[in-house]
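This report concerns only the one structure given below.
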There are 2 protein chains.
Amino acid sequence: MHYRYNKSDYLDQESLRSRVFNHILEDILNGKYEEGQALVETKLAQEIGVSRTPVREAFRQLELDGLVTSIPNKGVVVNGISDKDIEEIFAVRSLIEGLAVRWATENINEEQRRDLEETAELMVYYTKKKDYQQLAKYDARFHSLIYDSCQSKVLRHILRSLMRYIQHARLGSLKVPKRAEQALKEHREILEAILAGKKDIAEQKMVHHVNSALENLLKEKNKTN
Amino acid sequence: MHYRYNKSDYLDQESLRSRVFNHILEDILNGKYEEGQALVETKLAQEIGVSRTPVREAFRQLELDGLVTSIPNKGVVVNGISDKDIEEIFAVRSLIEGLAVRWATENINEEQRRDLEETAELMVYYTKKKDYQQLAKYDARFHSLIYDSCQSKVLRHILRSLMRYIQHARLGSLKVPKRAEQALKEHREILEAILAGKKDIAEQKMVHHVNSALENLLKEKNKTN
DNA sequence: GATTGTATAATTGTATACAATACAAATGCA
DNA sequence: TGCATTTGTATTGTATACAATTATACAATC
């Protein structure tokens, strides 16, 4: 009875820690910080409006994820993500996601099949509409559904970590109409292989799909430079 | 002048946080905790002899690494590692380490070549002596040198995380004389491929090597059960 | 002028205090 | 009894206080 609740207390269930984590993550990925820049606990705490404790906890997570480096008694510095890193992540991702779709083909259930088909249809729709915002959303969903369908805690975990790094890079990738249409075809092929239970084909198509995405990304990058 | 130093202050540079992290990690890997067991901050803090703060920071790292799950306002529970997890990790590891040795073949320098050859020779020596303690050490070193030689921050990072999970599983693996000798041969082949610059062979041999290690592990496990 | 020493400030590391939450036991009441 | 309410306790979440460490500024020395 001494408590007063308001809706936001329930809606944003996330702790300060994860809010801080995401905040700093965003800033790093959006290039707000230079590579090697020192992050000062008190300043960040003030900026976000919390105490040092959640900031420190977020630091520890970012550290384990390789986004910052912690130097004892000195502080943490931002690691930055080079083009080489992106290429390496895609190389790893193609292997892991290939494995994921292979296992998904073996383990997917009825509900996940439907979800995957529905998502694929929505992607056709938004590609036609050229709504790249929504398209990106369902593209992420398509891949995410495959991670879930493979029923592997290990793969899900690794892929989640990899995706954190490249989420911003992927966003722009589909904005090229030609790439969006190509991706659509690749998704279709992957989906068909999954539904037909052809795991070798599914894996092979996925590896190819991820590699094309990287190629497209690099091409776009060179254009804008 | 008000300070009193002793050697250990310098030697163990590691913070309480990382001490706590390793402490809990060990306990999880050694099976001290049941799967799903709740870890209580104050109890652990008391047990290790520190305050809650470093314990919490260690929790956050273990959480990101997937070793514990954090439930808001309730606490963290141990995730445990199933046989299925181990198999999946080895499947991933064979792919990633295959990629690592491929890149290592392309990027290795003279010093790393010598280190790798020396390590291989020491492994021959300790296999003959049946000193499995030392053998395990140099086996780890052999793989670790390859991670370094591939010059990829991304791969090093992923492999470090994977190895954390299976370090205890690997330890027993080489204790079977037959496996130790087989591993020796496989290492030799990998090394030769690296030195000859044959990256396809190196990758293929590494994938095979990691898969054999898993097979051996599973065989041993079934025997003891 | 460059270097060293020293005081001071800024920052991190750790411990503790307090608030919020979850859950269980106790209580009250029909 | 059955059930809602409250009270109590353990635990986590957050903030803050204090200690240890490192960086900075500046004077002293050569």
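All chains are named by letter (A, B, ...) in the order of the sequence lines, taking the proteins before the strands, and each is independently numbered beginning at 1. Scope of the values below: all heavy atoms of this structure, side chains included, with no hydrogens, waters or symmetry mates.
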Notebook entry, point to check: Taking OP1 and OP2 of C:dC23, is either one under 4.0 Å from a side-chain nitrogen or oxygen of B:Lys74?
Noted result: yes
Per salt bridge (charged side-chain N to carboxylate O under 4.0 Å, His left out), A:Glu57 is matched among B:Arg52, B:Arg60, B:Arg17 by B:Arg60
Separation of atom [atom1] in [X] from atom [atom2] in [N], rounded to whole Å:
X       : N      : atom1 : atom2 : answer
B:Leu39 : D:dG13 : CG    : P     : 13 Å
A:Asn73 : D:dA19 : CG    : C1'   : 11 Å
B:Leu16 : D:dT21 : CG    : C1'   : 14 Å
B:Ile71 : D:dG13 : CD1   : P     : 10 Å
B:Glu41 : C:dT21 : CD    : P     : 16 Å

Please tabulate, for side-chain N and O atoms in residues 44-51 of chain B, each donor-acceptor pair with protein atoms closer than 3.5 Å (sequence neighbours left out).
residue, atom, partner, partner atom, Å
B:Glu47, OE2, B:Lys32, NZ, 3.1
B:Ser51, OG, B:Thr53, N, 3.4

How are the rings of A:His143 and A:His209 set relative to one another: parallel (under 30°), tilted (30 to 60°) or perpendicular (over 60°)? parallel
- request: Mind telling me whether A:Phe142 and A:His187 have parallel, tilted or perpendicular rings, with 30° and 60° as the class edges?
  value: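 Ring orientation of A:His187 relative to A:Phe142: tilted.
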Tell me which donor-acceptor pairs under 3.5 Å the side chains of residues 100-109 of chain B have, and how far apart each pair is, sequence neighbours excluded?
residue, atom, partner, partner atom, Å
B:Arg102, NE, B:Glu203, OE1, 2.5
B:Arg102, NH2, B:Asp200, OD1, 2.4
B:Arg102, NH2, B:Glu203, OE1, 2.9
B:Thr105, OG1, B:Val101, O, 2.7
B:Glu106, OE2, B:Lys199, NZ, 2.8
B:Asn107, ND2, B:Trp103, O, 3.1
B:Asn109, OD1, B:Glu111, N, 3.2
B:Asn109, OD1, B:Gln112, N, 2.8
B:Asn109, ND2, B:Gln112, OE1, 3.4

(message) Is it the case that over 12 heavy atoms from other parts of the model lie below 6.0 angstrom from the NZ atom of B:Lys137?
(response) no
So, with a heavy-atom separation below 4.0 Å from DNA chain D, the residues of residues 42-60 of chain A are A:Val50, A:Ser51, A:Arg52, A:Thr53, A:Pro54
